[in-house]
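Everything numeric here is computed off the predicted structure, so don't read it as measured data. Side chains are part of it too, since the values below use all heavy atoms of this structure and drop only hydrogens, waters and symmetry mates.
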Amino acid sequence: MNTTQIMALGFAAVILTGAVLLSLPISSSSGESVGFYDALFTSTSAVCVTGLVVLDVGNDLSIFGQIVLILLIQTGGLGFMTIATLLFMLAGKRITLRDRLVIQEAMNESGLSGMVRLIRWVIWMTLAFEAVGAALLATSFVPDFGWARGLYYAVFHSISAFCNAGFDLLGNYTSLTPYQLDPVVNLTISFLIISGGLGFGVWRDLFRNRGRFHNLRLHTRLVLVTTGGLLVGGTLLIAALEWTNPGTIAGMNFIQKIQAAFFQSVTMRTAGFNTVDLAAMHPETKFVSSILMFIGAAPASTGGGIKVTTFVLMGLFVSTVARGRENCVLFKRTVSHATVMRAMVVAIISACVVGVDLLLLTIAEQDTAFVDLMFETLSAFGTVGVSSAGTPNLGYFARAILIFTMFIGRVGPLTLTLAVASGQAKKSDVKIRYPEDRVLVG
């Protein structure tokens, strides 16, 4: 098997293992199995760090089931190869060349050297961010739930936020709405979401260059500038559209409205938490949120979507063609033609996947508003986990579509396409060059 097939099958194996564990009676708070289908949906959502739920995690799962869930989230957020490499190192097993190739593919690295050191760095960085996040969240959760439960909630939500998963334990499908006015919870969760969504390579580059912008790699600068622009733009748009909506933020003061809009802008970038009633949002706000979900986070991060770099390269390609230039230039650096074409392929495949899945959902759920189905589809594809239609209200066929969509969104549309491709190009085909001809365009 090639590296893309190993990655796709690895995620599938983790999902099935999680589904079996979650379907055990010990995983249910009632002592009765939640059923394999609901367990499969929950496991897929956790491993794909999505956050869409058909079970009330805080009430329906036991402590054992919740621990299984958070382990699945951590595995999905870091990538199964990162966890596998950690287990190999703890067991003293040698990391083979094939293992390093899969790590390289999973982490979007250009070279094979230093893969094991990179994995160690990723694990330590993840633990550091999650520990700081848990300590900060404990200041709000411990007074409300006591020391034991409060610390447990703080750790669970810190891992869920850094991995951009969006699962919560507050129960009754409320997400973080009880803490919509708590600045500590809002800012800490937002910080963890953004940190996980920037990508491990970006953080590594920042630490190496001590934040000096002009020394950073092109990829790092592109991710930071685009992420900042999307966060600010998303906050302003959501605030403007929802300012007078009594179902969301109309009853808040100015600072609280900006805080709520900022949190929704952050979480729509593949996190899955919410502090306002998403079903009550205006259709135009859901549309803006859907665009943010489609774009997603950065490559080699805990987030999903087509990625911010793909989004920028698409716009750069259009701008380059419109100006009649040959090379795509960013920050006085030329982006290779192969990279731009890869970005276009990812965007086109992603749009096709979303279109087909949305069509199937529309056929399956004819009583649900189209904008809510679009919101649900892009939430699944972008591994976001927010819902305005109410995922538990959807039928079994619709849930199956969402399972498939979440899996594609996490593995990556291009990776999955390469993994299931029937054959690779033959060496003899590469040598053949046919004469050029013209096709009318536009």
Side-chain angles (χ1 to χ4, degrees), residues 41 44-45 48-54 164-168 173-177 193 197 230 233-235 237-242 245 247-249 260-297 303-306 311 350-395 397-410 413:
F41 188 99
T44 304
S45 184
C48 297
V49 288
T50 304
L52 289 175
V53 291
V54 292
N164 280 221
F167 285 89
D168 71 275
Y173 305 103
T174 59
S175 190
L176 296 178
T177 52
I193 292 168
L230 289 172
T235 300
L237 279 173
I238 292 173
L241 294 172
E242 293 295 310
N245 186 349
T248 53
I249 66 175
F262 174 72
F263 188 88
Q264 287 3 277
S265 177
V266 171
T267 197
M268 292 302 172
R269 303 279 314 291
T270 83
F273 293 106
N274 61 282
T275 58
V276 299
D277 184 3
L278 299 181
M281 289 196 311
H282 292 311
E284 53 269 28
T285 311
K286 295 177 183 178
F287 179 76
V288 170
S289 300
S290 298
I291 295 175
L292 293 175
M293 290 190 284
F294 186 69
I295 296 171
I306 63 172
F311 169 70
S350 300
C352 291
V353 170
V354 169
V356 171
D357 291 349
L358 179 56
L359 173 63
L360 294 175
L361 272 182
T362 305
I363 295 173
E365 301 291 328
Q366 297 183 7
D367 295 332
T368 306
F370 178 80
V371 68
D372 289 324
L373 293 178
M374 178 183 68
F375 193 83
E376 197 87 10
T377 304
L378 286 165
S379 177
F381 176 79
T383 67
V384 182
V386 290
S387 175
S388 62
T391 310
N393 300 325
L394 301 179
F397 180 64
R399 295 183 189 183
I401 296 170
L402 292 179
I403 289 174
F404 178 71
T405 308
M406 288 187 289
F407 183 72
I408 293 179
R410 183 63 185 97

State, with a plain yes or no, whether a side-chain heavy atom of [X] is found less than 4.5 Å away from one of [Y].
| X | Y | result |
| --- | --- | --- |
| Ile291 | Ile295 | yes |
| Phe404 | Thr44 | no |
| Ser388 | Met281 | no |
| Pro392 | Tyr173 | yes |

Grab the two heavy atoms, one from [X] and one from [Y], that are nearest each other, plus how far apart they are.
| X | Y | result |
| --- | --- | --- |
| Gly247 | Ala280 | O-CB, 3.8 Å |
| Glu376 | Ser387 | OE1-OG, 2.7 Å |
| Gly272 | Ser175 | O-OG, 4.4 Å |

Could you tell me whether the side chain of [X] and the main chain of [Y] form a donor-acceptor pair under 3.5 Å?
| X | Y | answer |
| --- | --- | --- |
| Thr405 | Ile401 | yes |
| Ser290 | Lys286 | yes |
| Ser45 | Phe41 | no |
| Arg399 | Leu394 | yes |
| Thr50 | Val384 | no |
| Thr383 | Gly409 | no |
| Asn164 | Ile193 | yes |

Going through the checks in order, is the side chain to side chain donor-acceptor pair (under 3.5 Å) test met by Thr275 and Gln264?
CA-CA 7 Å; Thr275 58; Gln264 287 3 277; 2.7 Å; yes
Separation between CD1 (Ile408) and CD1 (Ile403), nearest 0.5 Å, reads 12.5 Å
**Message:** By the definition side-chain contact (heavy atoms from CB on, under 4.5 Å), identify the one residue from Thr377, Thr270, Val386, Val354 that meets it with Met293.
**Reply:**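 Of the listed residues Thr377, Thr270, Val386, Val354, the side-chain contact (heavy atoms from CB on, under 4.5 Å) partner of Met293 is Val386.
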